[in-house]
S.K.: 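Supplied in structure tokens, the structure appears directly below.
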Amino acid sequence: MIRPLETADIPECRDIFTDCLTDMPWRERHRGQHLALRRALETQPAWVAEEPNAGIIGFLTLQVPTDYVDHLFVDRDWRFCGVARGLLEVARIEATGALSLDVDSENLTARRAYEALGWQVVASTGGAGRARQMRLVGP
């Protein structure tokens, strides 16, 4: 089930985010990432994917009016089960234009998943000590 985020969901979303960062060894850990997440969860439209027996298994935040998905994270045990696809479909309904997002260039698994869903690379950024990012635009 995908539904709007409730305040009580924030700790579970934070846990998923932290676990995902652990799975990204190329990412530097700094407090700014958690502050940006907290700000997004408290101020932007956000949705969670919830499974009755597992609780929150993924979440997405959307910057309005740019239709930029700044957070999309799925619990490692639920990846490749359609969770991200479902969250993106809900965001697409709310968006006024095409969705865009950034993905770490080193995150080959996510890049392949987005490409399989029809997302296109439109730019590349980063380097010099920062994780390289690729900007993608949704179908």
Side-chain angles (χ1 to χ4, degrees):
M1 172 177 71
I2 295 176
R3 61 171 174 75
L5 174 99
E6 297 172 1
T7 303
D9 302 327
I10 292 176
E12 287 182 84
C13 292
R14 235 186 354 246
D15 290 345
I16 290 170
F17 180 72
T18 300
D19 288 346
C20 288
L21 289 181
T22 301
D23 293 341
M24 301 175 185
W26 58 85
R27 272 262 173 129
E28 290 183 28
R29 307 289 184 265
H30 59 81
R31 186 170 179 197
Q33 293 173 339
H34 283 86
L35 291 173
L37 173 66
R38 188 178 84 204
R39 189 175 326 119
L41 291 172
E42 292 174 353
T43 64
Q44 296 174 190
W47 296 269
V48 296
E50 183 175 30
E51 203 281 330
N53 297 315
I56 304 300
I57 58 173
F59 69 95
L60 177 147
T61 64
L62 180 66
Q63 288 183 9
V64 177
T66 60
D67 297 329
Y68 176 74
V69 176
D70 56 347
H71 295 94
L72 173 55
F73 291 90
V74 175
D75 181 278
R76 68 174 58 100
D77 293 335
W78 290 89
R79 293 180 193 151
F80 304 106
C81 296
V83 176
R85 179 191 311 243
L87 288 163
L88 287 166
E89 287 173 6
V90 170
R92 196 171 284 123
I93 291 167
E94 295 294 319
T96 58
L99 294 176
S100 65
L101 56 82
D102 290 338
V103 64
D104 293 340
S105 60
E106 293 87 350
N107 193 345
L108 298 177
T109 303
R111 287 176 44 200
R112 288 182 186 125
Y114 288 124
E115 290 169 8
L117 292 173
W119 289 70
Q120 303 275 327
V121 176
V122 295
S124 205
T125 62
R130 292 180 42 208
R132 284 198 36 209
Q133 299 275 303
M134 300 174 79
R135 174 70 47 101
L136 297 129
V137 173

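Side chains included, hydrogens not; waters and symmetry mates left out as well; all remaining heavy atoms used.
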S.K.: Please report the closest heavy-atom contact between Ser100 and Arg135, naming both atoms and the distance.
M.R.: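 Looking at all heavy atoms of both residues, the closest pair is CB-CD, 4.0 Å.
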S.K.: Is there a path of hydrophobic side-chain contacts, each under 4.5 Å between heavy atoms of I, L, V, M, F, W or Y residues, that connects Leu87 with Phe17?
M.R.: no
S.K.: For the residue pair Glu89 and Arg85, establish whether any side-chain heavy-atom pair is separated by less than 4.5 Å.
M.R.: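 The answer is yes, as the side chains (C-beta and beyond) meet within the 4.5 Å cut-off.
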S.K.: Any side-chain to backbone donor/acceptor pair from Glu51 onto Ala54? Under 3.5 Å, distance only.
M.R.: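 Yes, because the side chain of Glu51 sits within donor-acceptor range (under 3.5 Å) of the backbone of Ala54.
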S.K.: Less than 3.5 Å apart, any donor N or O on the side chain of Ser124 or Arg132 sitting next to an acceptor on the other?
M.R.: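 Checked: Ser124/Arg132 side chains pair up, N/O donor to acceptor below 3.5 Å.
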S.K.: With the side chain counted from C-beta on, respond yes when Leu88 and Leu99 share a heavy-atom pair under 4.5 Å apart, and no when they do not.
M.R.: yes
S.K.: What are the two closest heavy atoms between Gly138 and Ala98, and how far apart are they?
M.R.: O-CB, 4.3 Å
S.K.: Do Gln44 and Asp70 make a side-chain contact, defined as non-hydrogen atoms from C-beta onward lying under 4.5 Å apart?
M.R.: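 With C-beta onward as the side chain, the pair touches.
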S.K.: Is it the case that one hydrophobic cluster holds both Val137 and Leu117, taking links as side-chain heavy atoms less than 4.5 Å apart, direct or via other members?
M.R.: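 No, no single cluster joins them.
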S.K.: I'd like to know if Tyr114 and Trp78 are part of one continuous hydrophobic network [Ile/Leu/Val/Met/Phe/Trp/Tyr, side-chain heavy atoms within less than 4.5 Å].
M.R.: yes
S.K.: Please report the shortest heavy-atom distance between Ala49 and Val83, naming the atom on each side.
M.R.: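 Answer, listing the atom of Ala49 first, then Val83: CB-CG1, 3.5 Å.
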S.K.: Carefully, step by step, assess Cys20 and His71 under the rule side chain to side chain contact (heavy atoms under 4.5 Å, CB included).
M.R.: CA-CA 11 Å; Cys20 288; His71 295 94; over 6 Å; no
S.K.: Starting from the C-alpha separation in whole Å, work towards a yes-or-no answer on side chain to side chain contact (heavy atoms under 4.5 Å, CB included) for Val103 and Trp119.
M.R.: CA-CA 11 Å; Val103 64; Trp119 289 70; over 6 Å; no
S.K.: For Asp9 and Glu6, indicate whether the former's side chain and the latter's backbone hold a donor-acceptor pair under 3.5 Å.
M.R.: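 Yes; judged by distance alone, with no hydrogens or angles, the pair exists.
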S.K.: Verify the neighbour count for atom CD of Glu42: are there more than 12 heavy atoms of other residues, nucleotides or ligands below 6.0 Å?
M.R.: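 Check passes, neighbour count above 12.
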S.K.: Could you check Asp102 against Tyr68 for side chain to side chain contact (heavy atoms under 4.5 Å, CB included), going step by step and ending with a plain yes or no?
M.R.: CA-CA 9 Å; Asp102 290 338; Tyr68 176 74; 2.9 Å; yes
S.K.: Report yes or no: does Asp75 contribute a side-chain atom to a donor-acceptor pair with the main-chain N or O of Ile16 at less than 3.5 Å?
M.R.: no
S.K.: Are the side chain of Asp67 and the backbone of Gly97 linked by a donor-acceptor contact shorter than 3.5 Å?
M.R.: yes
S.K.: Atom CZ in Arg111, atom CG in Leu136: separation rounded to 0.5 Å?
M.R.: 8.5 Å
S.K.: Supply the atom-to-atom distance Glu106 CD to Gln133 CD, rounded to the nearest 0.5 angstrom.
M.R.: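 It comes to 8.5 Å.
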S.K.: Taking Asp104 for its side chain and Asn107 for its backbone only, find out whether a donor-acceptor pair lies under 3.5 Å.
M.R.: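 It does not hold such a pair.
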S.K.: Do Leu5 and Thr61 have side-chain heavy atoms sitting under 4.5 Å apart?
M.R.: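 Not in contact.
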S.K.: Report whether Ile57 and Leu60 are members of the same hydrophobic cluster (ILVMFWY, side-chain heavy atoms less than 4.5 Å apart, transitive linking).
M.R.: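 The answer is yes; both residues are in one hydrophobic cluster.
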S.K.: Do the side chains of Trp47 and Ile56 join up, straight or via other hydrophobic residues, at under 4.5 Å, putting them in one cluster?
M.R.: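 Result: no, two separate clusters.
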S.K.: Looking at Arg76 and Asp19, would you say the former's side chain and the latter's main chain have a donor-acceptor pair under 3.5 Å?
M.R.: yes
S.K.: Which heavy atom of Val64 sits nearest a heavy atom of Pro45, and at what distance?
M.R.: CG2-CG, 3.6 Å
S.K.: As a test of understanding, state which of Leu37, Asp15, Val48, Leu41 forms a side-chain contact (heavy atoms from CB on, under 4.5 Å) with Ile10.
M.R.: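 Output: one option passes, namely Leu41.
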S.K.: Using side chain to side chain contact (heavy atoms under 4.5 Å, CB included), reason through Phe59 and Glu12 one step at a time and then give a plain yes or no.
M.R.: CA-CA 10 Å; Phe59 69 95; Glu12 287 182 84; over 6 Å; no
